[in-house]
Amino acid sequence: MFSTVLVPLDGSPEAATALSAARALASAFSAQMSLMRVVRRPAGQFGVHADEIREAASYLDGVAREMASSNLRVSTHVRSGDVPGAILHEIAERGVDLVVSATRGHGNVLRGLVGSVATEVL
């Protein structure tokens, strides 16, 4: 049913709460688990700082090692730019079937249930 499960992470403990549900779904469907992190471009700049990209990749590699220990196929991807746009690009490029993400619950009712980034992706 699902072949690729995408988990967008921002490095926060709140975002990481999505990992257990994503792991269970990926395991149940023998799906690839794709971890991604978006490095936001500083306002007015076209480039992205190499240190931020290395830090994001290192974080994802550590999470992937933890996930792979449960015999999951895990890939990692770092993108730069606008978070919702980068997630949508990842979905299209990798043929993602399911996105599992957490929310911090800030904002109006929809944002509280789904999350501001998730609302934009939807």
Side-chain angles (χ1 to χ4, degrees):
M1 182 178 208
F2 301 117
S3 61
T4 305
V5 177
L6 175 65
V7 186
L9 298 167
D10 64 6
S12 71
E14 294 87 0
T17 63
L19 290 167
S20 61
R23 179 188 307 170
L25 288 163
S27 292
F29 294 101
S30 298
Q32 165 89 23
M33 193 163 154
S34 181
L35 308 174
M36 78 170 290
R37 185 161 177 189
V38 180
V39 175
R40 294 184 181 157
R41 285 191 186 111
Q45 291 186 5
F46 295 104
V48 177
H49 300 286
D51 290 342
E52 292 177 75
I53 291 173
R54 277 192 296 276
E55 176 193 318
S58 176
Y59 167 75
L60 291 178
D61 289 344
V63 175
R65 279 191 297 277
E66 292 174 26
M67 296 294 112
S69 66
S70 55
N71 295 321
L72 288 176
R73 293 175 295 133
V74 181
S75 62
T76 63
H77 310 279
V78 176
R79 291 196 175 271
S80 63
D82 162 67
V83 175
I87 292 170
L88 290 171
H89 189 83
E90 188 78 8
I91 290 167
E93 186 175 290
R94 306 228 181 269
V96 170
D97 302 301
L98 179 68
V99 177
V100 178
S101 69
T103 180
R104 293 187 179 144
H106 301 296
N108 65 32
V109 174
L110 180 58
R111 285 186 177 196
L113 292 173
V114 180
S116 59
V117 170
T119 300
E120 291 185 48
V121 170
L122 286 172

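In this structure a side-chain-to-backbone donor-acceptor pair under 3.5 Å is missing from R40 to G81. A donor-acceptor contact shorter than 3.5 Å links the side chain of S27 to the backbone of R23. Checked by atom type and distance alone, the side chain of R73 never pairs as donor or acceptor with a backbone atom of A26 at under 3.5 Å.
Here the closest non-hydrogen pair linking M33 and L19 is CE-CD2, 3.8 Å. Of all the heavy atoms in T4 and R94, the pair that sits closest is OG1-O, 4.2 Å. Between E90 and S34, the shortest heavy-atom contact is OE2-OG, 3.9 Å. Contact between Y59 and G11 at its shortest, heavy atoms only, is CZ-CA, 3.6 Å. A pairwise comparison of heavy atoms in D82 and P84 identifies OD1-CD, 3.3 Å as the closest pair. The shortest heavy-atom contact between L9 and A15 is CD2-O, 3.5 Å.
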Next item on the list: Applying side chain to side chain contact (heavy atoms under 4.5 Å, CB included), run through M36 and H89 and close with a yes or a no.
Entry: CA-CA 11 Å; M36 78 170 290; H89 189 83; over 6 Å; no

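V99 is listed as a side-chain neighbour of P8, based on a closest heavy-atom distance under 4.5 Å.
Between R79 atom CZ and I87 atom CD1 the span is 10.5 Å, to the nearest 0.5 Å. Put simply, CD on E66 and CG on L72 are 12.0 Å apart, with the number rounded to the nearest 0.5 Å.
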